[in-house]
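Heads up: the structure comes next, in structure tokens.
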Amino acid sequence: MARLQNVHLQSTALGVGCVLVAGFDDSRVKEALKLPTDLEPTALLCIGQRRDA
């Protein structure tokens, strides 16, 4: 989680939006990202242009 915090802090410093998403369909994300069978997605860190910027 420290890595996520660091990315969030850096994105804020750069003026871009960042949000952590934990409620998603694990199997659909795994399929979309073509993750190997031994990896499971636990969170998505979405970064992009802020609407208020």
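It should be emphasised that the depicted structure is a prediction, and the values quoted were computed from it without experimental measurement.
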| message | Taking Phe24 as the starting point, is it possible to reach Val19 by hopping between hydrophobic residues whose side chains are less than 4.5 Å apart? | response | yes

| Co-membership, hydrophobic cluster, residues Val16 and Leu4, 4.5 Å side-chain | yes

| task | Please assess Leu45 against Cys18 for the test side chain to side chain contact (heavy atoms under 4.5 Å, CB included), listing each intermediate value before the final yes or no. | result | CA-CA 7 Å; Leu45 190 58; Cys18 181; 3.5 Å; yes

| Side-chain donor/acceptor of Lys30 to backbone N/O of Asp25, under 3.5 Å | no

| remark: dist Leu14:CG -> Ile47:CD1 (nearest 0.5 Å) comes out at 9.5 Å

| request: Evaluate the side-chain proximity of Leu33 to Pro41: yes if any heavy-atom separation is below 4.5 Å, no if none is. | output: no

